[in-house]
There are 2 protein chains.
Amino acid sequence: MSEGPPDGEPNLGLLCFIAYRAMESRVLDAVTAAGFADVTAAQGRVFARIGPNGTRLTELAEQARVTKQTAAFLVDQLERAGYVRRAPDPSDARARLVTITERGHAAIRVARGAEAEVEAEWTRHLGRQATSQLRRALTRLREITDPYQ
Amino acid sequence: MSEGPPDGEPNLGLLCFIAYRAMESRVLDAVTAAGFADVTAAQGRVFARIGPNGTRLTELAEQARVTKQTAAFLVDQLERAGYVRRAPDPSDARARLVTITERGHAAIRVARGAEAEVEAEWTRHLGRQATSQLRRALTRLREITDPYQ
DNA sequence: GATTATTGGTCAGAGGATCGTACCAAATTC
DNA sequence: GAATTTGGTACGATCCTCTGACCAATAATC
């Protein structure tokens with residue numbers, strides 16, 4: 001009745017970490033190589049949550065699972081580097097919407113390309129069906145692991 | 001042709017990150033609650049790679065994917081907190097083997113229990129077959145994402 | 001409408017994690 | 001025996017993250 005990992009094998013969390021780490025470093029390398037040399041992984045994790053019409057800082061913080069101070073710290077850097085802009089939120093005078101600039105969109109295009117390339121490699125290695133099962137399983141897992149899905 | 005991240009599904013790397021993060025925080029909470037209050041996630045990642053007969057610092061660093069300085073920094077803390085010990089390596093006078101103390105083994109037992117509990121929850125949510133497919137897929141992915149598997 | 005509580009955000013300070021550079025001593029190679 | 005590699009340490013810098021305290025605008029309550 002034991003469901004844990006086989007003896008000596010890493011658990012599912014560590015397996016996920018290894019894959020995530022590989023994807024992140026590949027994407028970051030590609031973005032850096034494309035001339036966006038000042039981006040860090042932490043900035044990217046916040047950046048990736050910004051919606052098309054802008055997103056509030058608190059919401060970014062919740063989704064990226066960091067405090068709002070940390071999110072503000074990272075958004076400051078992204079703003080100074082020209083990837084995002086802060087605009088007043090028309091519906092709330094306290095809030096400001098973080099939006100993506102043209103330079104930000106250019107970086108996103110590179111990141112998307114690198115992601116697709118890595119996913120293609122993974123698909124070649126695992127096969128098409130196993131990959132789509134993997135995606136389905138991880139997506140369903142979000143239902144119980146990601147309160148802000 | 002919109003590139004806004006929220007449109008479209010997150011990539012496999014991000015999905016892995018979400019699951020990994022959930023596992024890590026659950027395990028860390030359990031270890032902390034069991035009285036091992038001074039352990040951090042980074043320490044745990046190095047700690048988890050120590051073999052039954054002790055492991056050299058450089059090897060820990062490679063496997064955990066950090067520099068040897070970082071590994072040394074973390075092992076220092078683990079040693080001060082009583083989880084590991086450094087013993088001379090009989091086969092090489094330069095090297096020292098990092099080994100796990102009794103307190104370290106006690107912490108491992110708690111961590112293993114928490115891991116198993118989380119994996120059981122995931123299995124309940126996904127079903128037994130999908131979970132074992134997930135484990136198989138992630139394990140195969142290691143072949144191309146983890147040089148030190 | 002006035003008071004209270006909540007929410008979005010900032011500021012200041014601290015600690016942890018990670019790296020690059022430089023260096024030493026033991027081991028290995030030539 | 002000299003040159004190179006390998007295991008490890010020391011120092012300094014940077015980045016990331018959190019706590020705690022605080023402010024101003026909004027929402028809820030009376």
Side-chain angles (χ1 to χ4, degrees), chain A residues 17 20-21 24-25 28-29 31-32 37-51 54-81 83-99 148, chain B residues 17 20-21 24-25 28-29 31-32 37-51 54-81 83-99 148:
Chain A
F17 178 66
Y20 146 70
R21 185 82 172 239
E24 184 176 75
S25 75
L28 205 58
D29 286 352
V31 169
T32 301
D38 44 4
V39 182
T40 68
Q43 287 167 22
R45 284 193 285 270
V46 166
F47 188 60
R49 305 288 189 145
I50 303 174
T55 306
R56 291 187 187 168
L57 194 65
T58 12
E59 201 174 337
L60 289 180
E62 276 181 354
Q63 289 185 18
R65 297 275 234 293
V66 294
T67 60
K68 47 186 183 171
Q69 293 94 320
T70 299
F73 174 78
L74 297 168
V75 167
D76 276 348
Q77 299 173 315
L78 287 168
E79 190 173 28
R80 243 177 290 129
Y83 295 103
V84 306
R85 195 185 300 116
R86 277 170 161 126
D89 183 340
S91 73
D92 190 330
R94 295 167 300 178
R96 296 159 77 191
L97 290 174
V98 180
T99 62
Y148 299 101
Chain B
F17 179 66
Y20 146 69
R21 185 81 171 241
E24 185 178 75
S25 75
L28 205 58
D29 285 352
V31 169
T32 302
D38 44 3
V39 183
T40 69
Q43 288 168 19
R45 282 193 287 270
V46 167
F47 188 60
R49 304 289 189 145
I50 303 173
T55 306
R56 292 188 187 168
L57 195 64
T58 7
E59 200 174 339
L60 288 180
E62 274 181 355
Q63 288 185 19
R65 296 276 234 294
V66 295
T67 61
K68 45 186 183 172
Q69 295 91 316
T70 299
F73 174 78
L74 296 169
V75 168
D76 276 348
Q77 298 174 316
L78 287 168
E79 190 173 27
R80 241 176 293 130
Y83 295 104
V84 306
R85 194 184 303 116
R86 276 170 162 125
D89 182 340
S91 73
D92 190 329
R94 298 168 299 177
R96 295 158 77 190
L97 290 174
V98 181
T99 61
Y148 300 100

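Throughout, protein chains are lettered first and strands after them, A, B, ... in sequence-line order, and every chain is numbered starting at 1. The analysis underlying the following values was restricted to heavy atoms, covering all of them including side chains, and did not include hydrogens, waters or symmetry mates.
In terms of heavy-atom proximity, B:Leu57 sits nearest to B:Val75 at CD1-CG2, 3.8 Å. Residues A:Ala64 and A:Val46 come closest through the heavy atom pair CB-CG2, 4.1 Å. Closest approach of A:Arg49 and A:Thr55 over heavy atoms only: O-OG1, 3.8 Å.
Checked against ring-ring contact (aromatic ring centres under 6.0 Å, His included), B:Tyr20 has the following partners two or more places apart in sequence or in another chain: A:Phe17. With sequence neighbours excluded, the residues that form a salt bridge (charged side-chain N to carboxylate O under 4.0 Å, His left out) with A:Arg45 are A:Glu24. Scanning for ring-ring contact (aromatic ring centres under 6.0 Å, His included) contacts around B:Phe47 gives an empty result, with sequence neighbours left out.
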How far apart are the C-alpha atoms of A:Arg86 and A:Leu97, what are their side-chain angles, what is the distance that settles it, and do they pass the side chain to side chain contact (heavy atoms under 4.5 Å, CB included) test?
CA-CA 6 Å; A:Arg86 277 170 161 126; A:Leu97 290 174; over 6 Å; no

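Atom CD1 of residue A:Ile50 and atom CZ of residue A:Arg85 lie 11.0 Å apart, to the nearest 0.5 angstrom. Taken from CD in A:Gln63 to OG1 in A:Thr58, the straight-line distance is 10.5 Å, to the nearest 0.5 Å.
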With the sugar-phosphate defined as primed atoms, P, OP1 and OP2, and the base as all remaining atoms, what B/S/- string results for nucleotides 6-15 of chain D, 5' to 3', for protein heavy atoms under 4.0 Å?
BBBSB-----

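The closest donor-acceptor contact from the side chain of A:Arg21 to the backbone of B:Arg65 lies under 3.5 Å.
From the 5' end on, the contacts that DNA chain C makes with chain B at under 4.0 Å to a non-hydrogen atom open and close at C:dA17 to C:dA27.
End-to-end axis angle of the helix from C:dG1-D:dC30 to C:dC30-D:dG1, from C1' rotation axes over five pairs per end: 30° (rounded to 10 degrees).
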